[in-house]
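Heavy-atom basis, side chains included; hydrogens, waters and symmetry copies ignored. We name chains A, B, ... by the order of the sequence lines, and we start the count at 1 in each one.
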Amino acid sequence: MVNTFKKISLFSLFSLLISCGGFKDDEMRLSSWVSSPQETDLFEATLQEFRNLNPDIPFDFEPIPGNYSEKLQLMLGTNTAPDVFFLKGMISPSYMSFGILRDLSEDIATDPSFDSEDFYPALLEAFQKDGGQYGIPKDFSPYVLFYNKEMFREAGIDSLPSNWQELEAAATALTKDLDGDGETDQFGLVIEPVLEMIMPFVYQNGGYFQNPDGSLGITDEPFIEAVEFYHGLYRKGIATIPTDVGQGWNGDTFGRGKAAMALSGGWLLPFLKENYPDMDWGVAELPAGKQKATIAFTTAYAMPKAPNYPEDAWKLVSYLGGKEGMKKWTSQGLALPSRRSVAEENGFYEDPVFGVMMRSIEYARPFQIQFSERGFEEAVVGVQSMFFTDKSPRQSMLDIASRIEKYKLKK
Amino acid sequence: MAKVELKHIKKVYDNKVTAIADANVVIEDKEFAVLVGPSGCGKSTMLRMIAGLEEISGGDMLIDGERVNDLSPKDRDIAMVFQNYALYPHMTVFDNMAFGLKLRKFPKEEIKKRVEEAADILGLTDFLHRRPKAMSGGQRQRVAIGRAIVRQPKVFLFDEPLSNLDAKLRVQMRMEIKQLHKRLNATMIYVTHDQIEAMTMGNKIVVLKDGDVQQVDKPMTLYNDPANQFVGSFIGSPSMNFLEGKIEKTDRLYFRSRDVNFSIPENIEKQVSKLVGNGITLGFRPESIYDHDYEDRAQLTEKVTISIDVTEPIGAETFIYFKANDKEFCMRSSSGLVYENGQSLNIGFDVARLYFFDSESGKRLV
Amino acid sequence: MSKTIKSKRWQQMKTAYTFIGIPVILFTVFTFIPIIFAFVISFFDWNLLIPEKTFIGLGNYFEVFQDEVFLIAVKNTALYTVIVVPIQTILSLFLAFLMNQKLPGRTFFRTAFYIPAITSSVVTSIIFVWIYSKPGLLNYLLSMVGIDGTDWLTNPSTALFAIMALTIWSTSGYFMITFLAGLQNIPKSVYEAAAIDGASTWTQFWKITVPMVRPVTFFVVVLGLIGCFQVFDQIYVMSGGGPVNATTTMSYFVYNNSFKFFRLGYGAAAAIVLAAIIFVATWLQKKYFPSNPYQ
C-alpha cells in the first residue's frame, strides 16, 4: 500500500514537472493574431506560397485568438514564444528596451535580395533602436479623413478642408438638426476620446508627446493647443464621440450617417464595403495644421532573442517581408505595403482611395509611446478626464504629467 | 360571551377534494369542547377554520354572534396552542408571551403584569429569561399556553398540544389544562385523536369522521348512547364488540348469526320488531357480557355458548377473548373466577346495553 | 491481538491518507503554492519579459501605498462593497420571503430571478453596456418619466453605480435561492402563531424571518463581501477601469499592473494587500456579527 502510494505521488510529480519544462519544438512556429476570415485566408495563401518555394522548411502556423498581446508576452516571459510573431508598432519601444527581440541587422546584411532601402523609412525606424533593426514592417495604415460625399453636396461644400479653420467651418456647416426637435441628428465630425486620434493634430501643431530630448511634451503649448482644438470641436457640438450616439466606434457612427467626417484608416474600408455598401463616401488627406502630419499604425514580423530555428525563421521573414511575399499579401487591398516598389507595382498610387493613403505615408509618423504600458494607461486616463469630466484639456494634461514621468522607459 | 357557532360549514380544497361537507356545531360560552376523531377526519381543519388559518369554503362561522368568515386571525380574538409549540426560538420566554401584546400596543406595565401572572399560573416564573432552546418539551408547551393566556382571548384553541409529550407528562398536563379551564372560565376548543383525552377533558365532545360530524354530546352520553357504529367503536377502550346478523321472527324475535343466537328480550321487543329482515350489526361493550352461569341477573339475555381463546387476568378484572363468526371478541369479567384457555363458557348480554346498528349505514336503530 | 488491530488501523489510515492526499496535492500545487509564490515575488521587481528579478524588499509595498490609482481603487472597492453587500443581502432575503408565500406565478418568478445568476457574467455585462448607453433602454424608460439620462458608463460619477446595479441584479437571484433554503427551515406554525398574535406580513418578515435566518445571512454576507472585493468580469468588459479610474477596483488594479503593465512583483504586492484586507474584514465580521444560532 505504501509502495503504491509512493509510486502514484512520484508519477504525478514527474508529469507535473514535465509539463512545466520547455522542450525544444519539433518545428518552427509562426504566430499572429486573428482578425477577419478574409485576412486569415489571404495570409494562409501567402504562407502556402512560401511552402511551395521552400518545401524543406516545415513550420507550424498558430494564430492566437483573443488576447494576443497578453498571451504573447506570457510566452516571451516563459521562453516558449514562437520563432516568428507579429509585433505592433505601438509597443515595440518597450519590447526593444527590454532586449527580448532579436536584432535582425545581421540577417539583413547577409541576405542579398532583401533591399531594405525599399521600405518607407518611417516604418523601418519604428522598429529601430541604437542601430539595431528589431522588426520588418509588413504593412501599415495611416489616419486619413473619410467624408460623406452626399452630406457634403447637401451642405454645398465643394472643396475638402485643407487646414484646421476649414475643418472647423466644414464641420459647423455639416452639423444639422434634421427633424427640428432641438437635438442634433447629424454631426460634422466624429472623433474618439483616444490618444492616437489626437496625435496627428499634435504633430501638425509642432508638438510632441515626448520631446526628442526625452522630456514630456504634453505640458508644452503646441501640445495643449492641439488638444484644446480637438476637444473644442466636441465642446462646440460640431463633433461627437461614438458613445454619445450609442455607437461602439467611429466606424459605425460614420456608416450610419451620424457624422459627415471621420478619422480612420485602412481597416474601415472592408467594414464599409460589407456593412454600408450603398454609402457614397470618399477619403482625403488629413487637413494640415502648421505642417502636414498624420500617424501610421504598423505591424512587423519579429523574432524572440533566441529563436529555436533562427535561419529558417529569417527565411520566412525574408519572404513575407520581401517583395514577393508582400505583393501577395497586399494584393487584395486589405493592407497597404510597406515597400515602395510593391505599392507602385500593385497600382496603389493610382487607386483613388489607396492613393490618398500612400501619399500620407510620406509625412506620417508611427504611433509609439516611449513609455511603459502603465504610462500609456495614465495618458488614456488623462484623455478620458477631458471628455468625461469638466476638466479642461490644459488641466488634464498638467495633472497626468507628473504621474507619467516615472513610467518612462529606460533609454 | 364567547359562543362559537359553525353553520353549514364547508371546506373544499382547490383540487376538488371536499374535506368537510356540511358541519353544524355549537359551542357555548365557557364550554370545554373537544374535537376528536381518527387521522384525516377534519378536526384540525375545523379548528384552523375557527382560527382563521384556513379559508372557509362555505357556510357561516360565528364567534359571539359575529360572522368571522372574512376576518383575519388577529381580528377574531382567539389564541391558539400548536402541537409543536411554535414558539419564537430567538426570543426569551417573556418576549414570546409578550409578543402579541406588544403588537397590539399594550402599555409596558400591563404587559409585564399579564406575563408574570400567566407565568405564575404555569410555574414559569423562573424561566422568564430563558430561551426555548434551553427548556424541556413540557415547559415549552406551557410557554405556548402562557402566550395564549396573556392575550385573554374569547376562545382558546388547542391543536393536539400534548401529542409530542411522553405519556406521563401527558396525563399531568391534561389535568393542568382542565384546571386552567376552571380557573380562567373561558371557552376552549381542543383537538385530539386520543379518545381517552377527549373523554376526560371535555364537557362536550364532537366526534368527526371523514369530515362529517358523527355526534355531539357529553362524554357519558357518547359512551352510553352512540348515534352510530363509528361512535360506538371509537369511544371506549377496549372498544365495543360488533356482531353481524339478522333479526328473524319465528315464534319470537331472534337474533341470528352463525355462532351467536339468542331471543330478543321483552323490553326491546317492540322496537326490534321493526328491524325484521334487515342486516343488523349488534354492538355490545366488553363489560356488558356476563358469565351466564355465575351472574344471576334477570337482565341478561338467554345464554350463548362460546369457546374461550385467551384470557388475561389483570387482577381486578379478567379480559376474555373469544371467537364468534370468525371474529375476535373481548369480554370483561369482574366475577373473580378463574377461566382457562379453551374453556367453554356460557355468556349472556346485558339487555339494557344492546345496540342495534344498521349494517349498511351504521346508524343506530335501537 | 493488539498487533493485528494496530496494523489494521494503519491500513485504514494509509487508505484514508491516500484519498485525502490527491486533492491536497492538487490544492497545494494550484492554490497554495501560487499564493506563496505571489507573496515571494511581491518583494521583487520583475516584469516577466526580463528574466532577472531584482530583490527590492518592501519597495513594491511602499510604492503601492503611494500610488494614487491604488488609493482610488481601494476607495472604489470599499464604496462598491459597502453599497452592494447590504442591498444584495436584503433584496435577496426579501425576494426569498416573497417566493415562499403562496403567490400566483411563483415558479415563473423564482426562475426569472435566478436566471441572471447562472448567465455568464460576460454576457450580462455586454447586454448592460447596451442598456446603459446614451440611446439605450434605461434612458428610454427614464425619458418616459421625463428624465434625461446620460451615458451611464462613461460618466465618472455614475459608472461605478451602474456596475453595482448590474451586480445586485445578477447575484440576488443566487442568494435568494440560498435564503429560500433557510426559510424552508422555519416551520409554518411559527408564522401562524405570529399571525394569530397579530403580526402583519411585514412584521412577520422583520420579527420572525430575519432573526431566524441569521446563520444564512452570515453566509450570504461573507460570500457577498468576498465577491465584491474580487469583482472583475463586469469591469473588464464594461468599463476597462474607467472613465478616469472611476471603476478601477482593487482586483482590476492587480490585473492591470500584473498582466497589462507587466509588473508582476508590483501586482503581487497589491494582491497581497487585497488579501489582507479581505481577511481582516471577515475576521471583524465574525467577531462583531456572529451567526449565533438561536435554535
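Once rounded to the nearest 0.5 Å, the distance linking CD of C:E68 with CD1 of A:I400 reads 11.5 Å.
Within the 4.5 angstrom heavy-atom criterion, atoms from both the backbone and the side chain of A:L74 approach chain C. A:V245 touches chain C through its backbone: at least one of N, CA, C or O sits under 4.5 Å from a heavy atom, while the side chain does not. In this structure, chain C has a heavy atom under 4.5 Å from the side chain of A:E378, while its backbone stays farther away. Neither the backbone nor the side chain of C:Y132 comes within less than 4.5 Å of any heavy atom in chain A. Only the side chain of A:N67 has a heavy atom closer than 4.5 Å to any heavy atom of chain C.
Taking each heavy atom of A:R374 and C:N257 in turn, the nearest pair found is NH1-OD1, 3.2 Å. The two residues C:P156 and A:F388 come nearest to each other via the heavy atoms CD-O, 3.0 Å. Scanning all heavy atoms of the two residues, the minimum distance from C:V244 to A:V381 falls at CA-CG1, 3.7 Å. C:F259 approaches A:E70 most closely through the heavy-atom pair O-CG, 3.6 Å. Here the closest non-hydrogen pair linking C:N256 and A:E377 is ND2-OE2, 4.4 Å.
In terms of heavy-atom pairs under 4.5 angstrom with chain C, the leader among A:G99, A:G77, A:G248 is A:G77. In terms of heavy-atom pairs under 4.5 angstrom with chain A, the leader among C:N155, C:N139, C:T154, C:D151 is C:T154.
Heavy-atom neighbours of C:F55 CZ from other residues, nucleotides or ligands within 6.0 Å: above the threshold of 12. Heavy-atom contacts from other residues, nucleotides or ligands closer than 6.0 Å to OH of C:Y174 number 12 or fewer. Atom CZ of C:F232 has more than 12 heavy atoms from other residues, nucleotides or ligands within 6.0 Å. Residue A:D390 places its CG atom among 12 or fewer non-hydrogen atoms of other residues, nucleotides or ligands, all under 6.0 Å distant.
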